[in-house]
Each structure stands twice: as C-alpha cells, then as structure tokens.
Amino acid sequence: LEKEAWDFCLLSLGAAHRGGHKLWDRSSIRGELKPNDEALYDHALRDIYAACDESVGTLAKQCDENTTLLVCSLHGMQKSTSRFDMLPPMLDRVLAGGPLLDRSERRRSGVLQFLRSKTPLEWRTAAKSWFPESLQDWLSLYWRGVDQRDWATTRAFPLMGDLQALVQINLKGREAQGIVEPGQEYEALLSEIAEGLQSFVDVDTGEAVVRQIARGSDLYPEAHTRRFLPDLIVDWSDSACCEHRAIHAPRYGQIDWPHPGHPLDGRSGHHTPEGWLLAVGKGVTSGTALQGVHSHDLNATIHALLDVPRPDLMRGEPIPGIH
C-alpha cells in the first residue's frame, strides 16, 4: 500500500481458517494436555481471531478516503460434523445390499495396511515429503485404495471430499471403465445409494447421520455437464461427528466409529455455509444492513466498483449500498 497505487488488492488472513479447524475444542488433541497448557490451548482460537482483527485494523489505517474496504469470511466455523471418512464403508454396504465384509475393510486388513497404521502420521508425512509430488500423489491414491478397485464390478465410488461427501457413478461413456448404463439404470442407482445412505443413524441417539443428499446436476447444471461436480453430494447432520460410538442402518448393519471422541480427520472445527461481510469507505452507504448477500455477489460488486464489464455467465448482483 505504501509502494503501489492499487486498483484492486485481495489479502487473505489464513490463520483464522486453520485455527478454526484445529483449535475449536480439545477433540483435535491426541492424548492429554499438560495442565499448564490447558488454558493456553482453550484460549488459542480467540487469540488468533484477535490477532487477525488487529491486522485488519492496521491495514485499514493505511487506506485513504478514496478506498472501498470490504472485509469478509465466505463461510463460518462450528464443531465438525464431517463423516467423510465413513462414506466408503457406508457406500460399500449399500452397493452390496447388506452388512457384508466390504472391500475397504478387506483392503485394510492386509499386512501393509497394518504396518502403516502402526507408523505415526508425522513419520509418514515426513518420509513422503522426500519424494517428487507425482510419487506423493501415487502413494496417497495407493493407500486410499483407489487403484485397487475392480472397475469391472464397481458401480459407484467415493471421491475425495472435505465437509461434504462425494459419490460418483461409474457411468459408461463418461468414466474410463464405466459399467453403469446411462438413463434408467443410472437414475435407479442414484436413488438406491441416496436412500441407503440416508438410512444410517447414530446407534445411541437414533439421529440420522445424513441431513440431505443433492445431485450435482441440480446444484450447478453447467458445471456438472463439464464434469466439475460429482453425481451425489452428501450433507451431514448438524451434530458433532466425534460424538458417535457407532452408526447403524437396519439393512446394512453397524459400523463402529474408529476413534470415539475424536474427529477422523483431526479437525475439531469445520465449515458452515454462513459467513459475514463488513464494508466501509468510498461508495459505501453508512448504516446499510448487508443481509442476504451471497458469495457470488462479492464478485459482481468488485466488478462494479472497478467499472469492469461482467461476463454473461457470472452469477450474483452488486450489493445494495456499495457502489
């Protein structure tokens, strides 16, 4: 800001994001905290937010009266609800039609999987970092079993996800070794999987594990046709995932939670769809309630502020009160 006259500058304070994942509560911790560290850990996320707020203030002081300043978070944080790591055994049981020993369970019972499970994560991560990225990717795929599938019998498979879980049909004509016929067979399989996944509940509370399942083709038709989105997107229920002892479905049996009291991906906090937006400076009408704003609207607003034409396919509209 001191050296250049910027037309547009985008800065990200990523510490708030990473802190929210790892420091939401103590379920991220392996083992026990030392007594002297408890208060420090429990206050750490608030300390990060305060430091980010102070940084925003420092930046704002460098802006003159001709600057429009937007401060936002595209999403929020809460306790983790992600059951993403449970999708493979859930999906395999639905496809098998019952509580059978599924492929993922058999894969993980091998000697290599046993040795891997006994090797500390930090050791595996450090060792993998010595290799070229292409080999790192291959190892990740290998351990997740992607390349060990029998594609001649695989009707559907999970994709790498994050908060939501993703399911792709092995569709003939789209996937390299597709076996599911487009049309009626494809539609029936989508319904079968959705109904099966939605039948799983917590064994103790009876609460449904899945809140809803959407089709990628319904959410963003143009992106789905270009193969940017999976066939099914699984949205989990709002309860904390680490509270499970096991999940159960009448037809598909029980699946134990591997580490009760802990999220499987090590992140005690996870994303929520609701974020927030603050605006101040040139072109901002003071006192405007910035409500009902979509993330798409930020893009449209920035185009309007810069007086740059928007592409025809761009979603969103300029935010009222910012011009």
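- Taking CD1 of Ile319 as the reference point, atom NE2 of His294 lies at 11.5 Å (rounded to 0.5 Å).
- Annotation: side chain of Val234 is in contact with side chain of Leu197 (closest heavy-atom distance under 4.5 Å).
- Looking at His270 and Lys79, their side chains never come closer than 4.5 Å, going by heavy atoms from C-beta outward.
- For Trp236 and Phe84, the ring centers sit 6.0 Å or farther from each other.
- Annotation for Arg46: atom CZ does not count as buried by contact number, only 12 or fewer foreign heavy atoms lying within 6.0 Å.
- Here Leu166 contributes atom CG and Leu87 contributes atom CG; the two are 8.0 Å apart, rounded to the nearest 0.5 Å.
- Residues His244 and Arg83 bring a donor and an acceptor atom of their side chains to less than 3.5 Å of each other.
- Note that the CG atom of Asp297 and the OG atom of Ser295 stand 8.0 Å from one another [nearest 0.5 Å].
- Atom CD1 of residue Ile302 and atom CG of residue Leu10 lie 7.0 Å apart, to the nearest 0.5 angstrom.
- You'll find the side chain of Leu13 reaches within 4.5 Å of the side chain of Ser55, heavy atoms only.
- Checking side-chain atoms of Thr288 against main-chain N and O of Val284 turns up no donor-acceptor pair under 3.5 Å.
- Under the 3.5 Å distance criterion, with hydrogens and angles disregarded, no donor-acceptor pair is assigned to the side chains of Asn170 and Gln168.
- His323 places a side-chain heavy atom less than 4.5 Å from the side chain of Thr285.
- A tilted orientation is assigned to the rings of His21 and His271, their planes being inclined by 30° to 60°.
- Residue Trp257 is tested with His262, Met86, Glu243 for a side chain to side chain contact (heavy atoms under 4.5 Å, CB included); the sole match is Met86.
- Judged purely by atom type and a 3.5 angstrom limit, Ser237 uses its side chain to pair as donor or acceptor with the backbone of Ala208.
- Between the side chain of Thr67 and the main chain of Cys63, no donor-acceptor pair closer than 3.5 Å is present.
- Distance alone, capped at 3.5 Å, is enough to place a donor-acceptor pair between the Asp231 side chain and the Ile169 backbone.
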Practice task
Take Glu38 and Asn36 through the side chain to side chain donor-acceptor pair (under 3.5 Å) test and state the conclusion after the steps.
Solution key: CA-CA 6 Å; Glu38 291 180 350; Asn36 292 339; over 6 Å; no
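- What you find for Trp151 and Gln177 is that their closest heavy atoms are CB-OE1, 3.6 Å.
- For the pair Ser268 (side chain) and Asp25 (backbone), a donor-acceptor distance under 3.5 Å is present.
- Judged by distance alone, with hydrogens and angles left aside, the side-chain atoms of Asn299 form no donor-acceptor pair with the main-chain N or O of His296 at under 3.5 Å.
- Remark: the backbone N or O of Ser239 is not paired with any side-chain donor or acceptor of Thr81 at under 3.5 angstrom.
- Checked by atom type and distance alone, the side chain of Ser82 pairs as donor or acceptor with a backbone atom of Asp162 at under 3.5 Å.
- The 12-atom threshold is exceeded at CD of Gln62, counting heavy atoms of other residues, nucleotides or ligands nearer than 6.0 Å.
- Note that CG of Asp7 is 12.0 Å distant from CG of Leu305, once rounded to the nearest 0.5 Å.
- Salt-bridge formation is not detected for the pair Arg26/Glu32: no Lys NZ or Arg NE/NH1/NH2 atom is positioned less than 4.0 Å from an Asp or Glu carboxylate oxygen.
- A donor-acceptor pair under 3.5 Å is absent between the side-chain atoms of Arg245 and the main chain of Pro260, judged by distance alone.
- Taking the side chain as every heavy atom from C-beta outward, Met77 and Trp24 approach each other to under 4.5 Å.
- The closest side-chain heavy-atom distance from Phe157 to Leu159 is below 4.5 Å.
- In this structure, OG1 in Thr301 is found 7.5 Å from CG in Leu70, a value given to the nearest 0.5 Å.
- Ion pairing between a basic and an acidic side chain is recognised when a charged N comes within 4.0 Å of a carboxylate O; Glu133 and Lys128 show no such pairing.
- Looking only at distances, no side-chain donor or acceptor of Arg251 sits under 3.5 Å from a matching main-chain atom of Gly98.
- The shortest side-chain heavy-atom distance between Lys172 and Ile179 does not fall under the 4.5 Å cut-off.
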